[in-house]
Structure formats: C-alpha cells, structure tokens
Amino acid sequence: MKKAAFFHIGDQYISFKVIAKLIGYETLELPKPNNESVSYGLSVSPEFACFPFKMFTGGYIQAAKLGADLIVAQTSYTINACQYSDFAHTQKKILKKKGYKTDMVIVEKFNPKEILTKLKPYKEDLTLTQVTEMMILLAQKISLVDELDKYYYQIYLGENKKTADAFKKKYLLEIDKTDSIINLYKLKKTMEKTFSNYKKVDMNKVLKIAVIGDIYSINVDYMNNNLYERLAEIGVYAEKGHVFTDVVNLALKISNIESKHMKEAKKYLKHNAGGLSLSTIASAIKYADKDFDGAIHIYPFNCMPETVVRSILPKVSKDYNIPILYLPIDEQTGDAGFATRIDAFIDLLKMRKEKRIKSDKKTSNLNIFNVDIEKIRKKLLKG
Amino acid sequence: MAEKKVKIGFPRALFFYDYYPFCKHFFEGLGADVVVSRPTDKELMQKGLKVSINEFCIPIKMLYAHVLDLKEKKVDYIFLPYVITLDKKTFMCPKLIASPDIIKNNIEDITLIGADIDFNNFYSSFYESLKEILTKINPNPVKIYQVYNEALLKQKDFEKYREVDKLLFEEAITKLKGKKIESKNKGNFNIAVIGHPYIINDDYINAELIKKLNSMNVKVYTTDMISKKDMTEELKYLERTLHWNLANNVLSSALYYSKKEDIQGIIYITPFGCSPDALMKETMINEIGNKKPILTITIDEHTGEAGLITRIEAFLDMIKQKKTLNQNKNTDWNKLHGIIDLNKKEVTK
C-alpha cells in the first residue's frame, strides 16, 4: 500500500488521515516537529524564509526519507496571503532539486472541485460527492480535535497532567477510529459528558491569558517551546487565539470573531495586511472585552502580517488596557530566555490582578450608597 | 485672495521613487504646496530607528524617519496612500499595504491623506477617496480632471526618460523640469543593479552603490529602466509567478538582464529580512543558473561602506577576468591551469 504524509499542526494530523483514506493510501506516521526534522529544513531553506517554512520543509524531507509516496500540502492564493502562498510551490522545487522522488499535491482552495481535480490522478473513480463528504468529515474532525485540546488544558489545571494525558490519548484514538458524521456527533456528546465529571478551576480566580498571533506559532508546540504546558504548570489558564478550525472557517468565509470586534479592529488596520493580521488585532480586542488578564503575542521573526500587527498592538494595549507580551521566535530561540520572559510577565500580571481585586474590594465596601467616594474626596480637599 | 496655500508633505520613501512626478504636478496644479522630506542622512535615520520597532525592514524604518521630518516641517497633510495592488493578479507586500496604519498608530499629531489607490483604475479610486481633501484645495471637478490628465502626461514623460533614455531617478527629475542633462551614468562595463525602487534610488540606504559603480567606470542599468511590457513578457515563460508585485518586478528584471549579451553581471540588492524576496531568490537563482554572475548584497542600517566596496571590487575583478578569457577565442587552457597552479604555489610558500 502506498503511503501519504501530512504535516503536523497540533494534533490535526489525525483528522488529515481522512484524505489518505479517500484515495486508498496508508498514512505515514510522521513524528512531531523536532530538532532533527527542523535541521533538515534549515539546510535547504532560503535564508529569510520564515520559521514555519523551514519547519514544514524539514517535515516534508523527513517524510520523503521515511518513504512517503505522496505529500499533501495546502497553500492559499488570495488577498489573505503572506509568504505562505508561495510555500508549497517552493518546497516542491526544493524537494525536486534535492533528488527526492516523493510526489506532492498542492491544494490551493478548500473547495470540492479543486480537491477533486488535484486528487483525481491518484484515484481514477473519485467522485464529487465522495470528496464533499470527506471534506465535511474532515472539517468536523478538525473542530473536534480543537475542542479536545481546549478540554485537555482545563483538566490539566483542575486535576493533573496524568489524567489530562489519559483523557486526550483516549479521545484522540476514538476520533481517529470514527468515520461517520453521526458517530462523530455521538462522540462529541460523550466527550462533553466525561469532561463535566472532572474537577475544574474557578475561572474568576485563575489568571487568564490569551495567546494571539500567527496560527503556526500558536498551535505547533515545537515553535512555541511548549508554552501551554509551561503556563499550565504554574496554574495559568491560556486560551488559543486562533485554532485550525478558524482557518477552515475562513476558507468557508465564516469568521470566528464577532463583527463588533472586527469593526473596532478596522480602526487600527484598514485593510487586512495578509494572513490573519486583522483577526489578530480583533482577537486582542475580544480578549480585552472578555476581561482577560493579559495576552501573549507570539509570531515568527520576519512574518510580514504579524510584524505589522506587532507595531500596532501597543496602541491597542493602551486603549483597551490589556498588557501584552511580544514574543518573536525563530529557530534559534533559547529555552531559558523564553521561560524567563514568560515568568516575569506572569508575575507582573499576578501583581496587577491582586491590586485590582484589593481596590475593587475597597470601593465595593465604601460604595454602599452608590456614591463616587473619589469625587467627594476631591471636592472636600478643594473646599 | 491672499489665502494661505495648503501644504502637502510627501515622504521620500517607498512609492516616492515611482510616482513622485504625478503627485507633484497633480497637487501643485490644484494650487497646493508640495513639500518633500529631505534626503536620508544619518541624523534622520536615527530618528526613525528610535520610533520604529526593530523587526521591520529598513524601508519601513526610513518611512518613519521621513514622516517625522515632514512633521517638523509643519505640513498640513502627509500624502501616504494605501497601495494595495498595482495589477490584477499580484499584491503589494503586507508591510507596504499597511504602511499608513503603521504610521498612524505610532506617530501622533499628523494628518494623513489615506487614499485607497488602485493603479488599475487610478482616476476613479483616486478621486473618490481624496474627494474630501481635494474639495478643500480646489472644489472644481473639471479643473481636477484637467490637472489629473496633465499630471499623468508628466508621469509618462518621466517613465519615458527612465526607460528609453536610461536616466537615473534624479536625472530624470531634472530633465522633467526642462533642463538639459548629461548623464553621469557612463562606463566601459555594463552592470545591472536590481532590487526594489526605494533601495536602488536611496543613496544613503544603499551606501551610494550606484555612484561607486560609476566611479569605477561602470554603467548601471536598474530595474526601473525596464518597461512594464517587457516585464510581463519575461514572466510569461515562468511556470508560476509570485504573489508579490515588487518581487515579480525584481525577478523579471533579473531574467531580462540575464538574456542581454552586453550586460556583464547582475548585482542584486535587498534589505535584511525582506520576506517577499526570501522565496523569490530561490526561483531567481534557479532560473538564471550559469547565464550571468550574480552578487547578492543584503543591507540594513548597519551596512558598512568598506565591506561593500571590497565585495563590489572583487565582483568586478572576477567579471574582468572572465571577459579577457572569453576574448581569447583560442583560450589556452594550460595557461589557465597555470594560473591556478601559480596560486597553489603561493599558498604553499
């Protein structure tokens, strides 16, 4: 049986298996991005290509070395583009130049006709309905995997790592096994039920942080140096600003962000500057509205859209009163320096939160008669 | 009527080098004063670096600097359009699309004329988005249309001077004023300098690369000296064009000059961390292959002059050697090997 390979984005590898199944290929179990695979990418990539490019290329080379016959890659050719829109085509050239014989399918749009024409050479009797059904299943699986990931960190915070790991492992296997939409829906229900049995932390007391920025640095653990585990260890709840579901939704032209926040964001950035730049600003505003304690803006060095966002976010941070830590990353980001900066940021946020709670208590105690104490004090002082 | 003229500032950065003649004649024709920021120098650059975040490429850092300079000159408006696309298929770099927003959110107390400009449909997009400000300067739409056409003619003249007469930016501007000019761009060698217009034409950013080449008896051909028609012609043969307008221009100019026999070498100059160019370079080097020698120069705000001169001299020496070897039709290969052996002996000594 021939083997197909996909790239790791979080745990989404599991949902991509549907594509291989459709054309009668076996899925090659590629290891998650690691030092070895990234080093392959670094040796062949152009100097100023962004970190995701190097990581992707490395992953593909590793797949070719492990004997993959086919690599399925996606790219987008719309106005929402960054370096990403030239990714797959350049990678194809690089693989060819280096003498790997692995075939590469490049899907440019998330649309049944496009996928059909691209996959037809690999299975002749493929029909449009088959492809459409596959796409629905794929989209469902993607959103379920993202949901599972959300539960994972909540269980981690409420219980411990061991239980969370067991939970995740069990349900990833279940999602992998399921291949009909109805069963997937049932699985979702049972997952919710088991999740509700676990102990959870009080969301009002725990420190809440939003991680915003570029989709890959948010979701690939190798890129963000296991940011979420680090935060969960010290008891901080972190929410991912963009998950892979959002990308699918964006391809289907559904926005995960309310139009209210989008409108606010457009005051700062009139036209989308490629990638997810506008929604990153909108999500910063969204989390400020949701009363999060802080945000971490994480992006690869040399990422065009996020660099633009980086220059605009200080103003947003000031206007909406939400502290933001900026973390540009590349392949040489050190673990220790990364940890120090996050720890320092968390400490500051904790202090800020304590201060806020104290001042809230003070005013709430004094404010029995619904009078502004500060105003009266000022008047008295003047008088 | 002794009304005060409206002052419109034009930063000497990004699109200045492409569309200055049009904008100057358009606004001046309507009765406004066009103020241009001073040419880049060290002091100006330092100002820009202080305000900008350090991940940006040098052209954007320079934009900060030039806008700050205009702020000091107390202009009423700063002309900085949103240039999204120059043709139907490609886009500008995201940093350039968002450049007015970047400036707006970081520098206070300035008024930008943030027109949306689509150079396909220039007049309607230009007029619609500039309506508010244009009526302040000159409310007569007939006059605006007339001035617009005159300015467009000037722009075409300017492009002709560059593309046909092969004049550099400043020379073309002086010729546009009606003065006679003798180009300083002369020499025995022909070298193509390719890159983005705001890098090639800004003498401070590129450490006076073109002047240096001229002083070394080299005639320079730049990316700007190719007409749009020739550029699209070059890209026809490619399997797939790129997403980026400016990167496509660089790529097509590289292909164009690589086919010209009288061009001896290509110098490709790029700012540090230019993302659109990052993946373009891979295609460019693949396509050109062994046809022409290429020197890549990456610049940023710390570029030293000495290092640059050494590299250019070495590159020219290499080309000269190649030229002499090619001229001797009966190349004596033994002699060539002799040269190599001689070098070896020197090393062993």
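Within every chain, numbering begins at 1; the chains are lettered A, B, ... in the order of the sequence lines, protein sequences first and strands thereafter.
Top candidate by heavy-atom pairs under 4.5 Å with chain A, chosen from B:S275, B:S99, B:C57, B:P276, is B:S275. Residue with the most contacts toward chain B among A:M304, A:K97, A:R310, A:K315: A:M304 (heavy-atom pairs, distance under 4.5 Å).
A salt bridge links B:D101 with B:K104: at least one charged nitrogen is closer than 4.0 Å to a carboxylate oxygen.
No part of B:D277 comes within reach of chain A, as not one of its non-hydrogen atoms sits under 4.5 angstrom from that chain. With a threshold of 4.5 angstrom between heavy atoms, A:K267 approaches chain B through N, CA, C or O but not through any side-chain atom. With a 4.5 angstrom heavy-atom cutoff, A:F53 touches chain B only via side-chain atoms. If you measure heavy-atom distances from A:H271 to chain B, the contacts under 4.5 Å come from both the backbone and the side chain. Neither the backbone nor the side chain of B:S52 comes within contact range of chain A, judged by heavy atoms closer than 4.5 Å. For a residue to count as touching a neighbouring chain, one of its non-hydrogen atoms must lie under 4.5 Å from one of that chain's; by this rule A:T307 touches chain B with backbone and side chain alike. Using a 4.5 Å cut-off between heavy atoms, A:F301 touches chain B through its side chain atoms alone.
In the displayed structure, A:K120 atom NZ is contacted under 6.0 Å by more than 12 heavy atoms of other residues, nucleotides or ligands.
Aromatic ring pairs are classed by plane angle as parallel below 30°, tilted from 30° to 60° and perpendicular above 60°; the pair B:F56 and B:Y64 is tilted.
With a 4.5 Å cut-off on side-chain heavy atoms, A:Y60 and A:Y100 do not count as touching.
Under the 3.5 Å distance criterion, with hydrogens and angles disregarded, a donor-acceptor pair is assigned to the side chains of A:S277 and A:N272.
Listed by chain and residue number, A:F48 satisfy the ring-ring contact (aromatic ring centres under 6.0 Å, His included) test with B:F272 (two or more places apart in sequence, or in another chain).
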Test ring pair (Phe, Tyr, Trp, His ring centres under 6.0 Å) on B:F16 and B:F10; report intermediate values, then the result. CA-CA 8 Å; B:F16 174 82; B:F10 201 167; 5.6 Å; yes

